A.B. asks: 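Below you will find the structure I want to go over with you.
Positions are given from 1, in the same order as the sequence printed here. Computed from a predicted model, the values in this text were never measured in an experiment.
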Amino acid sequence: MSLWRLTRSFPVAVQVLLLNTLGVSIGFYLLIPFLTAHLGDLGMSATLVGVVLGVRTLSQQGLYLLGGSVSDRFGARGAIIAGCTLRTVGFALFALGETFPVVLVAAVLTGVAGALFGPAARAYIAVEAAGRRAEAFALFTLFANAGALAGPLLGSVLLLAGFRVSAVAAAAIFAALTVWQVVVLPVRRVRPASTSVWADWREVFADRRFLAFTAATSGMFALESQLYLVLPWEAQRQTGSPSSIAVLFLVSTVLTLVFQIPVTTALQQRRARGRSIAVGIALLGGGFGATALGAALSPSPGAPASPWETAWRLVPVLVTTALLAAGLMIAKPFVYELVSGFGRNGLEGTYFGVFYLASGTAAAVANAALGWAAGVADGRLPWLPAALCVAIGAVGTTATVVLHRRGILRGES
């Protein structure tokens, strides 16, 4: 089945949210990758730039739980529209503001926006695509990756006219998405809540099956985030060229765009969800063995003598990147599918909020630990960060296998 026909086979609400995901991803990556350089051009110190970027991330990850509850209480549609509206305002402030307070407010608004529409979009898809959740989340991942590829390319072109033009374009994209969703996204009746928000949170945090699943799979997101940390470090160390980093993102994105749907389609009828997730996490972690081996064999690479030598030194990191993409293609749609199946109807947003809060925290802790490991290694043990990633994958794989064998993963087939 073609991508177009597969997308059209879902309810209108899912189709709208998939296109919304594409637009959100394009608008986000059109601007955010270039934000650090822009803040530096405004004369901000490295400390202030770090504060702005950190506040944006914290505003999003720290409020996922609240965003999920808003989705359950007031409807996913309203949370999605509110999120897009806030990001429109935030990106417009990036275009207009040149002082630290204004930029900080913009960072907070864009983070809160993500906390609102992130859990809400996934909860909405989980409800509307009941029975076909794995396929829907596979498409969700594909559309997000397509936007992540197109966004920086468009941003690079617009940046020729200045950062302000890029920011205005990003704000315009989110404004258009807001209006489009108000008009097109179907309204769904929200049943009045019979419990308090605190009671909902207690219910989720008392669900030991869900918490065990979240702990087991949080390593997947910690490893996924290494596409922005460990792998760029090693690529630049081996080649001496920052441009090699772009190759990693290109390989990861293209593989996902080409193979995500065939992989999910092939696995959803043939393999239990727990086994698929375990295989995916094993590939994620095991792939870093290639980078660790490459770093161990060339601990102090000199300047590459030729393009061929540069390409050869990049091979271990590219192998890791390919296996990272493969593992995510296998595991992520089924992880999303199972998250939405743990709780009762009406708590999907809260479950996704807790899941993303935990996985985001795990990724932040892993990044801090790997950064510390890189500092400790200091050129003597360049393989150490990648080796720790292998260990993270091994722990996550083992934990998922145990949960699967004990029948803890609800909704498996």
Side-chain angles (χ1 to χ4, degrees), residues 3 7 17-37 53 56-57 60-61 80 83-84 87 90-91 94 110-111 113-115 117-118 121-122 125 136-159 166-167 169-174 176-177 220-232 235 242-261 263-264 280 284 317-318 320-333 335-336 356 359-360 363 367:
L3 176 62
T7 303
L17 288 174
L18 291 175
L19 292 175
N20 171 68
T21 299
L22 176 65
V24 165
S25 191
I26 290 174
F28 181 84
Y29 287 104
L30 184 155
L31 183 75
I32 294 300
F34 310 103
L35 181 59
T36 299
L53 298 180
R56 195 210 67 79
T57 302
Q60 182 164 329
Q61 295 181 347
I80 293 167
C84 283
R87 192 155 278 184
F91 281 1
F94 277 133
T110 57
F117 63 63
R122 289 162 178 81
I125 288 175
F137 284 123
L139 284 170
F140 185 89
T141 300
L142 187 150
F143 276 82
N145 276 272
L149 178 63
L153 296 176
L154 179 59
S156 298
V157 174
L158 292 175
L159 205 62
S166 295
I173 289 174
F174 279 98
L177 287 173
M220 180 183 79
F221 293 89
L223 293 175
E224 181 182 16
S225 69
Q226 300 320 306
L227 186 60
Y228 304 92
L229 188 65
V230 169
L231 295 181
S243 62
S244 62
I245 297 173
V247 179
L248 306 184
F249 289 95
L250 181 63
V251 168
S252 175
T253 303
V254 170
L255 286 175
T256 302
L257 293 177
V258 174
F259 294 110
Q260 178 67 77
I261 299 304
V263 166
T264 303
L284 282 167
V317 185
L318 289 177
T320 299
T321 302
L323 291 176
L324 186 74
L328 290 171
M329 282 187 276
I330 293 170
K332 187 180 279 191
V335 168
Y336 286 158
Y356 267 94
S359 58
N367 287 342

A.B. asks: Once rounded to the nearest 0.5 Å, what's the spacing between atom CG of L223 and atom CG of L323?
C.D. replies: 12.0 Å

A.B. asks: So, does Q60 use its side chain to make a donor-acceptor pair with the main chain of R56 at under 3.5 Å?
C.D. replies: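 Side chain of Q60 to backbone of R56: no pair is present.
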
A.B. asks: Please check this pair: side chain of Q260 against backbone of A138, looking for a donor-acceptor N/O pair closer than 3.5 Å.
C.D. replies: no

A.B. asks: Among all residues two or more places apart in sequence or in another chain, which pass the side chain to side chain donor-acceptor pair (under 3.5 Å) test with S166?
C.D. replies: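 Expected list: none.
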
A.B. asks: Could you pull out all donor-acceptor pairs under 3.5 Å where a side-chain atom in residues 140-152 meets a protein atom, sequence neighbours excluded?
C.D. replies:
| residue | atom | partner | partner atom | Å |
| --- | --- | --- | --- | --- |
| T141 | OG1 | F137 | O | 3.1 |
| N145 | ND2 | T141 | O | 2.7 |

A.B. asks: With a 3.5 Å distance limit and no angle check, can you tell me whether R87 reaches the backbone of T110 through a side-chain donor-acceptor pair?
C.D. replies: yes

A.B. asks: Between S359 and F221, which heavy-atom pair has the shortest distance, and what is it?
C.D. replies: CB-CD1, 3.7 Å

A.B. asks: Applying side-chain contact (heavy atoms from CB on, under 4.5 Å) to M329 and T264, what does each step give before you reach the verdict?
C.D. replies: CA-CA 7 Å; M329 282 187 276; T264 303; over 6 Å; no

A.B. asks: Quick one: sort the F174 and F91 rings into parallel, tilted or perpendicular, breaks at 30° and 60°.
C.D. replies: perpendicular

A.B. asks: First locate atom CG of L324, then atom CG of L255, and finally report the distance between them rounded to the nearest 0.5 Å.
C.D. replies: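 With rounding to 0.5 Å, CG (L324) is 10.5 Å from CG (L255).
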
A.B. asks: Between L31 and A170, what is the shortest heavy-atom contact and its length?
C.D. replies: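 Heavy atoms only, the tightest pair is CB-CB, 4.3 Å.
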
A.B. asks: My understanding is that only one of L17, I80, N20 makes a side-chain contact (heavy atoms from CB on, under 4.5 Å) with F117; could you say which?
C.D. replies: I80

A.B. asks: Can you tell me how far apart CD1 (I26) and OG1 (T21) are? Round to the nearest 0.5 Å.
C.D. replies: 11.0 Å

A.B. asks: When you measure from the side chain of S252 to the backbone of L248, do you find a donor-acceptor pair of N or O atoms at a distance under 3.5 Å?
C.D. replies: no

A.B. asks: State, to 0.1 Å, how close L177 and V24 come at their nearest heavy-atom pair, and which atoms those are.
C.D. replies: CD1-N, 3.6 Å

A.B. asks: Where do L328 and P333 come nearest, in terms of heavy atoms and distance?
C.D. replies: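 Minimum heavy-atom separation between L328 and P333: O-CD, 3.7 Å.
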
A.B. asks: Just so I know, are the side chains of V247 and T321 near enough to count as touching, which here means a heavy-atom distance under 4.5 Å?
C.D. replies: no

A.B. asks: Taking the side chain from S25 and the backbone from L22, do they hold a donor-acceptor pair closer than 3.5 Å?
C.D. replies: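 Between the backbone of L22 and the side chain of S25 there is no qualifying donor-acceptor contact (under 3.5 Å).
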
A.B. asks: Looking only at heavy atoms, which two atoms of L139 and L3 are closest? And how far apart?
C.D. replies: CD2-CD1, 3.3 Å

A.B. asks: Could you report the tightest heavy-atom contact between G280 and A331, atom names first, then the distance?
C.D. replies: CA-CB, 4.1 Å

A.B. asks: Under the ring pair (Phe, Tyr, Trp, His ring centres under 6.0 Å) rule, collect the residues that match up with Y29, sequence neighbours excluded.
C.D. replies: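 If we apply the ring pair (Phe, Tyr, Trp, His ring centres under 6.0 Å) test to Y29, skipping adjacent residues, there are no hits.
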
A.B. asks: Using a 6.0 Å cut-off, check whether atom CZ of F259 has over 12 heavy atoms from anything other than its own residue.
C.D. replies: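 For F259, atom CZ is not crowded (no more than 12 foreign heavy atoms under 6.0 Å).
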
